[in-house]
Engineer: 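Dropping the structure in here first, questions after.
These numbers come from the heavy atoms of this one structure, side chains and all, not from hydrogens, waters or symmetry mates. It should be emphasised that the depicted structure is a prediction, and the values quoted were computed from it without experimental measurement.
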Amino acid sequence: MSAHAALCRLRPAVLILAAAVLVPLTASAPAAAGTAASERVLKDEVVLTAGKGGLTRVKETIVYRFAGGKGFKRTFTTRDHDSVTEDRVYKIEGLRASSPNGGPTKVTTSESGTRTIVKVGGRTSLTGERTVVLEYGLRGAIARMDSVEELRWPAVGGWSVPVDEARATVTGGATINNVNCFAGPPGSTIGCTQFYTNHTRTEGIFSQQRMLSGESLTVVAGFPAGTTGGAALYERRHNVATAFSVNAVTGGALLGLLVLLGGGLAALYLLRGRDARVVGKKAAEGDQPPVSGAEFEPPDGVRPGQIGTLIDEQADVIDVTATIVDLAVRGYLLIEEEDRAATGRLDWTLRRLDRPVVDLLPYERILLDALLTAPDGSGRDSVKLSQLGGTFATRLAQVRSAMYDDVVKQGWFARRPDTVRSRWTVAGIVVTVLGVAGTVALALTTEWALAGLALVIAGAALAYGGQYMPAKTARGATVLAHTIGFRAFLERGVLPEGDASRQRIALYSRFLPYAVVFDVVAKWSETVKDAGRQGADNLYWYEGPAEWDLSKFAESMRAFTLTTSGSISQSRGF
């Protein structure tokens, strides 16, 4: 075979091989062109000069390749969370930019969390390489550590584009004891490409090749103590821990709160302590049956509902129940116990008796009318406890109000106890709400949140302490002392010696409403438990069903008071 023939035979194979080689090269050309056109930092060279007072002068020369952008962005980490309440801060000041070859020079800064963002821009879009020089002062990068002053700073970093070459030089006009550097993500402990000092040990030199976006070159240089006099800068960080810290303002507020609470306790002692002193002195005087000749008189002329209001300073359910029993004992009502075997349930009928009401106190008249007024507003002669409601429910508030007015009229209180409690409670709630709002506002903006919290505590103390603020007058305390002594007499459950069973029952009945107030009905009823064997089957004001006698009265009265109190409570009057 001739050479020409051999060449002709090889030509197709060569063309196929050439095509196989050229096609990938041609296809990769646009990708290469796109990579070449992307923006990046070709070189970032930084010179740090440590000076007196801890001020470090920084000059950063950036060679940046633009691809149609008007500028670039550089991010500095200027705040580190050193502890729960404190941050180490780095302050950048006097930042300016210049360019020898038409690069951007307009500088703006902003803060976002722990970072300071520096933007360098211009008016026109740029392509190709431009050199930009950043100059700024840096405070807080030098810290005292044992026998050295250490300068530590991420000299190059915070770029959103790759960096081909990074270089830093540190000088301070003194011998450098040690150098170190780290490269990579923030907080990296991986060493940089190269670091060393010059032959005079007055300069630290650091370099790193090919850094990705977001990576940093952190340089460390140690100077002898006293070289610059610089120190780390710290600022208190505002958070929940610092917002509720103790300082002069919050300490003063808490001290004022203690004084306020202490003063409140002193005031309560003066007001309530007087009651206790008078009660302790006068209680023994009431420990006797209040009998005047053949007449039975309540202690100091005080009625059960008045005593109940006087004792706990509240016109409550038991006081109304005792007043109903008292109205029956005094002949205004007849209480008839229903036969449970016949009706299938326990119930009582309250029946009006024909007696003038001129001797009744205002609250007693209101209660009697409320009991014997039908839901349609008409009067009625009787009512079952199970039927209470309607107008009775709506008029119970009037009964309570009249009872409060009565104890003021008697001179036992200077002001209505319910009004005093309401005023203090409202004041406490207002102070508490203001304290909560103030605490939130102070916690968000200052370190004085404890002052607002002190206001919350003070308001809660006012609202709670207001329940104890109604104070009896000296006259009221004296009456209370006599009634407490009378309670001791009822608790003993011993009637004066006498032969007539009917007289014993009458005396028992007259004091029973007071036993209801003092919750000693069972003990007091012991005094007439054997009256049924002596021919007394009923009381003049209470009628039981067939086969009922006084031996069962204690249980009947216990059930009556519970049922009456329950009916009153369910009627929404309390």
Engineer: If you compare all heavy atoms of V408 against all heavy atoms of R416, which two are closest, and at what distance to 0.1 Å?
Structural biologist: CG2-N, 3.5 Å

Engineer: Output the distance between atom CZ (F206) and atom OG1 (T197), rounded to the nearest 0.5 Å.
Structural biologist: 9.0 Å

Engineer: Got more than 12 heavy atoms from elsewhere within 6.0 Å of CG, D146?
Structural biologist: no

Engineer: Look at the side chain of T309 and the backbone N and O of G305, then say whether any donor-acceptor pair between them is shorter than 3.5 Å.
Structural biologist: yes

Engineer: Rounded to the nearest 0.5 Å, what separation is found between the CZ atom of F76 and the CD1 atom of I117?
Structural biologist: 11.5 Å

Engineer: Does any non-hydrogen side-chain atom of Y64 lie less than 4.5 Å from one of L126?
Structural biologist: no

Engineer: More than 12 heavy atoms of other residues, nucleotides or ligands under 6.0 Å from CG of D519: yes or no?
Structural biologist: no

Engineer: Sub-3.5 Å donor-acceptor pair from the side chain of R144 to the main-chain atoms of G230, do we have one?
Structural biologist: yes

Engineer: What's the shortest heavy-atom distance between I176 and A221, and which atoms?
Structural biologist: CG2-CB, 4.3 Å

Engineer: Kindly give the heavy-atom pair with the smallest separation between E129 and N101, and that separation in Å.
Structural biologist: O-ND2, 4.1 Å

Engineer: Under 3.5 Å, is there a donor-acceptor pair between the E165 and S207 side chains?
Structural biologist: no

Engineer: Between A322 and P304, which heavy-atom pair has the shortest distance, and what is it?
Structural biologist: CB-CB, 4.1 Å

Engineer: If you measure from CD1 on I62 to CG on L134, what distance do you get to the nearest 0.5 Å?
Structural biologist: 4.0 Å

Engineer: Please give me the minimum heavy-atom distance between T473 and A414, naming the atom from each residue.
Structural biologist: CG2-N, 3.8 Å

Engineer: Would you say the side-chain atoms of S216 pair up with the backbone N or O of P186, donor to acceptor, closer than 3.5 Å?
Structural biologist: no

Engineer: Start with the C-alpha gap between Y363 and R303, add the side-chain angles, then the distance that decides, and say whether side chain to side chain contact (heavy atoms under 4.5 Å, CB included) holds.
Structural biologist: CA-CA 11 Å; Y363 77 87; R303 293 177 183 171; 4.0 Å; yes

Engineer: Residues two or more places apart in sequence or in another chain: which of them pass side-chain hydrogen bond (donor to acceptor under 3.5 Å, both in side chains) with T200?
Structural biologist: N198, T202

Engineer: With a cut-off of 6.0 Å (strictly less than), are more than 12 heavy atoms of other residues, nucleotides or ligands near CZ of R57?
Structural biologist: no

Engineer: Are the side chains of V41 and V63 in contact, using a 4.5 Å heavy-atom criterion?
Structural biologist: no

Engineer: Apply side chain to side chain contact (heavy atoms under 4.5 Å, CB included) to the pair T61 and K43, showing each step before the final yes or no.
Structural biologist: CA-CA 8 Å; T61 303; K43 186 175 183 180; over 6 Å; no

Engineer: Indicate yes or no: at least one non-hydrogen side-chain atom of V170 is less than 4.5 angstrom from one of F223.
Structural biologist: yes

Engineer: Spell out, as yes or no, whether a donor-acceptor pair under 3.5 Å connects the side chain of S188 to the backbone of A183.
Structural biologist: yes

Engineer: What distance do T108 atom OG1 and L95 atom CG have between them, rounded to the nearest 0.5 Å?
Structural biologist: 9.5 Å

Engineer: Mind checking whether E235 and R79 have side chains closer than 4.5 Å, heavy atoms only?
Structural biologist: yes

Engineer: Looking only at heavy atoms, what is the nearest atom pair of Y90 and R152, with distance?
Structural biologist: CE2-O, 4.4 Å

Engineer: Testing the 3.5 Å rule here: is there a donor-acceptor pair between the side chains of T564 and T321?
Structural biologist: no

Engineer: Take Q208 and T193 through the test side chain to side chain donor-acceptor pair (under 3.5 Å) and record every step on the way to the result.
Structural biologist: CA-CA 5 Å; Q208 176 66 27; T193 302; 2.9 Å; yes

Engineer: Could you tell me whether R400 sits above the aromatic face of Y404, with NZ or CZ closer than 6.0 angstrom to the six-membered ring centre and within 45 degrees of the axis?
Structural biologist: no

Engineer: Looking at T228, N177, T227, which hits side chain to side chain donor-acceptor pair (under 3.5 Å) with E149?
Structural biologist: T228

Engineer: Quick one, W412 and V302 - any side-chain contact, counting heavy atoms below 4.5 Å?
Structural biologist: yes

Engineer: For the backbone of K70 and the side chain of S125, can you confirm whether one donor and one acceptor N or O come within less than 3.5 Å of each other?
Structural biologist: no

Engineer: Look only at the side chain of T439 and the backbone of L453, and say whether a donor-acceptor pair between them is shorter than 3.5 Å.
Structural biologist: yes

Engineer: Partners of R96 by salt bridge (charged side-chain N to carboxylate O under 4.0 Å, His left out), sequence neighbours excluded?
Structural biologist: E135

Engineer: Determine yes or no for a side-chain-to-main-chain donor-acceptor pair under 3.5 angstrom, with D87 supplying the side chain and V89 the backbone.
Structural biologist: no

Engineer: Heavy atoms, side chains only, cut-off 4.5 Å: are V407 and E313 in contact?
Structural biologist: no

Engineer: Rounded to the nearest 0.5 Å, what's the gap from CZ on R65 to OG on S38? Could you check?
Structural biologist: 5.5 Å

Engineer: The test is side chain to side chain contact (heavy atoms under 4.5 Å, CB included); show your working for I318 and V517 and say whether it passes.
Structural biologist: CA-CA 6 Å; I318 197 64; V517 170; 5.7 Å; no

Engineer: Give, for atom CZ of R88 and atom OG1 of T77, the distance between the pair rounded to the nearest 0.5 Å.
Structural biologist: 12.5 Å

Engineer: Within the supplied structure, the quantity of interest is the number of heavy atoms (other residues, nucleotides, ligands) at a distance under 6.0 Å from Y464 OH; does it exceed 12?
Structural biologist: no

Engineer: Quick one: does R236's side chain get under 4.5 Å of E86's, heavy atoms only?
Structural biologist: no

Engineer: Could you check whether any side-chain heavy atom of L361 comes within less than 4.5 Å of a side-chain heavy atom of Q306, counting everything from C-beta outward?
Structural biologist: yes

Engineer: List the steps, then state whether side chain to side chain contact (heavy atoms under 4.5 Å, CB included) holds for L480 with I311.
Structural biologist: CA-CA 7 Å; L480 177 63; I311 289 175; 3.7 Å; yes

